[in-house]
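Read through the structure below, which is laid out as structure tokens, and then see the notes.
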Amino acid sequence: MPDWITIIVRSLLMYCIVVFLLRVVGRKQTSQMTFSDFVVGIAIGAIVALISLGIIDNLAYGLIGLAVWLLFPVLTNYLALKSKAFHDLLYGRQTVLIQQGKVMEDNVKQMKMTGEELLAQLRRKNVFNIADVEFALMEASGDVSVLLKPEKTPITPKQMEWQVAQAANPQTVILDGNIIDESLRNQGLTRNWLSTELEKAGVTVENVFIGQVDASGDLYLDLFDDAIQLPKPTTKALLYATLKKCEADLESYALATKDQIARKNYQEAADQLLQLLEELRPILKR
Amino acid sequence: MTVASQVKQTLASLKGAQATLELYAQQTVIEQEQMAFANSLEKISGIIVMLEKRISAMEFEEPQYKGF
């Protein structure tokens, strides 16, 4: 058998083994890899290359080496899952870099970081002012995680005591001009409903690239033809405005009438509407 | 425009809003929203009844504006 055929056969064999086994061993993104994963990956790659090019003559020896490099990490990973101490030994621990707003210089030095590098890492997290940082640590993977001081963290609706509508994931009902029946059914809608909505918007299914229905049943369409301007769904905003106008009307009737009972009724109705507007606001105005 | 016809207009827009709300109550899959819609529908129908009564009272008092 000529050498080149041997190389092809060995390469194909190695490719199949490695791809299949790496599937089994685990799936970690490059960004989540720790340094030891990285080293293992390089070692496996080197062994595979050496075997497939025939530099390691004895196929069995090569495979033994490969098996150890592939399977031993599986074993250590398993142990690391079971034992925290072993995990820390294998992958290292996170190190506190900034605590209570003060830089821990010793820890920074220990991580072989200069002050400039620390600042650069913070800037990557969009923190340009070290005074804003309450707490920062370096993860075992080398990433820096930052917790800002409470007064510098973004405001959440809860802090503002705002009522917000519950979030629900939208369903994609049209993709590339094709209706996806499954997502329609998930939302409790039918093809009939969809065709009515499309007719309202004045487009055909074939012209829709993406169509999504949000939880409250509003349809958003993106067309192939970007020159066509679609009307934005304004029904909710309109509904809110209508109710608000009714509330104002009732209030003015209450002021205008001389009939005491009618005045009271109007005022009560206006109050009720006001309360209702408050309740519907997060749903209608998002 | 007479007061009676203004009140009638408000009644009409309230009825429209009620219909739209009913539609949304049917469409939404979020339970919290369904409850909010159902609650508002109830309140609005109460107001509608009140307005209808008021309109018939006004028409009784001033029959010359009936139908406007």
Side-chain angles (χ1 to χ4, degrees), chain A residues 163-171 186-189 193 197 213-219 235-236 238-254 256-259 261-284 286, chain B:
Chain A
Q163 282 191 22
V164 285
Q166 198 182 332
N169 64 325
Q171 299 279 353
N186 283 344
Q187 192 79 8
L189 299 168
W193 173 86
E197 287 295 308
V213 183
D214 67 12
S216 57
D218 275 337
L219 181 66
T235 328
K236 280 182 183 167
L238 221 62
L239 176 61
Y240 189 79
T242 310
L243 287 173
K244 209 163 188 176
K245 182 172 183 303
C246 290
E247 191 267 328
D249 282 350
L250 286 171
E251 218 151 324
S252 68
Y253 301 150
T257 184
K258 291 202 173 69
D259 186 335
I261 299 169
R263 173 175 294 184
K264 201 174 129 269
N265 281 344
Y266 281 140
Q267 196 56 55
E268 262 173 24
D271 288 346
Q272 268 183 1
L273 266 189
L274 205 61
Q275 205 185 331
L276 194 149
L277 279 169
E278 195 63 35
E279 209 175 301
L280 290 179
R281 195 189 151 83
I283 301 172
L284 298 180
R286 61 175 155 200
Chain B
M1 208 153 69
T2 62
V3 174
S5 63
Q6 280 177 345
V7 175
K8 275 181 195 165
Q9 216 168 47
T10 306
L11 177 67
S13 31
L14 259 184
K15 278 183 177 166
Q18 190 189 28
T20 318
L21 273 174
E22 219 157 315
L23 189 75
Y24 275 119
Q26 294 289 326
Q27 265 181 5
T28 185
V29 287
I30 302 172
E31 207 165 300
Q32 187 193 336
E33 286 187 14
Q34 277 169 356
M35 265 161 51
F37 283 132
N39 184 21
S40 23
L41 277 172
E42 204 176 303
K43 275 186 188 157
I44 288 179
S45 25
I47 296 172
I48 286 176
V49 169
M50 187 279 286
L51 281 181
E52 274 169 349
K53 270 187 195 156
R54 180 69 195 144
I55 287 169
S56 48
M58 279 194 283
E59 282 178 345
F60 180 71
E61 281 166 18
E62 289 166 272
Q64 68 270 34
Y65 293 126
K66 195 167 179 171
F68 286 98

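Letters A, B, ... are given to chains in the order of the sequence lines, protein chains preceding strands, and every chain is numbered from 1. All values below were derived from every heavy atom in this structure, side-chain atoms included, with hydrogens, water molecules and symmetry-related copies excluded.
Residue A:Leu284 holds its CG atom at 5.5 Å from CZ of B:Phe37, rounded to the nearest 0.5 Å. Put simply, OG1 on A:Thr235 and CG on B:Leu23 are 8.5 Å apart, with the number rounded to the nearest 0.5 Å. Within the model, atoms CD of B:Glu61 and CG of A:Asp259 stand 6.5 Å from one another, a figure rounded to the nearest 0.5 Å. Note that the CG atom of A:Leu273 and the CD1 atom of B:Ile44 stand 6.0 Å from one another [nearest 0.5 Å]. Interatomic distance, CG of B:Leu14 versus CD of A:Glu247, reported as 11.0 Å (0.5 Å rounding). Note: B:Leu21 CG to A:Lys236 NZ = 11.5 Å, rounded to the nearest 0.5 Å.
Taking chain B as the reference chain and counting heavy-atom pairs below 4.5 Å, the highest number among A:Lys245, A:Glu268, A:Gln187 is found for A:Gln187. Comparing A:Leu280, A:Thr242, A:Leu189, A:Thr257 by how many heavy-atom pairs each has under 4.5 Å with chain B, the most go to A:Leu280. Interface summary for chain B: among A:Leu238, A:Asp249, A:Leu277, the most heavy-atom pairs under 4.5 angstrom belong to A:Asp249.
Applying the 6.0 Å contact sphere to CD of B:Glu52 captures more than 12 heavy atoms from other residues, nucleotides or ligands.
Contact of A:Tyr240 with chain B is not made at all, since no heavy-atom distance falls under 4.5 Å. Neither the backbone nor the side chain of A:Ile261 comes within contact range of chain B, judged by heavy atoms closer than 4.5 Å. Contact annotation for A:Gln272: both backbone and side-chain heavy atoms come within less than 4.5 Å of a heavy atom of chain B. With a 4.5 Å cut-off on non-hydrogen atoms, A:Ser252 does not touch chain B at all. Using a 4.5 Å cut-off between heavy atoms, B:Met35 does not touch chain A at all.
Across B:Met50 and A:Ala269, no two heavy atoms sit closer than the pair CE-CB, 3.5 Å. Nearest heavy-atom pair, A:Tyr253 versus B:Gln6, reported as atom, atom and distance to 0.1 Å: OH-O, 2.9 Å.
Counting heavy atoms from C-beta outward, A:Asn265 and B:Arg54 have side chains that stay 4.5 Å or more apart.
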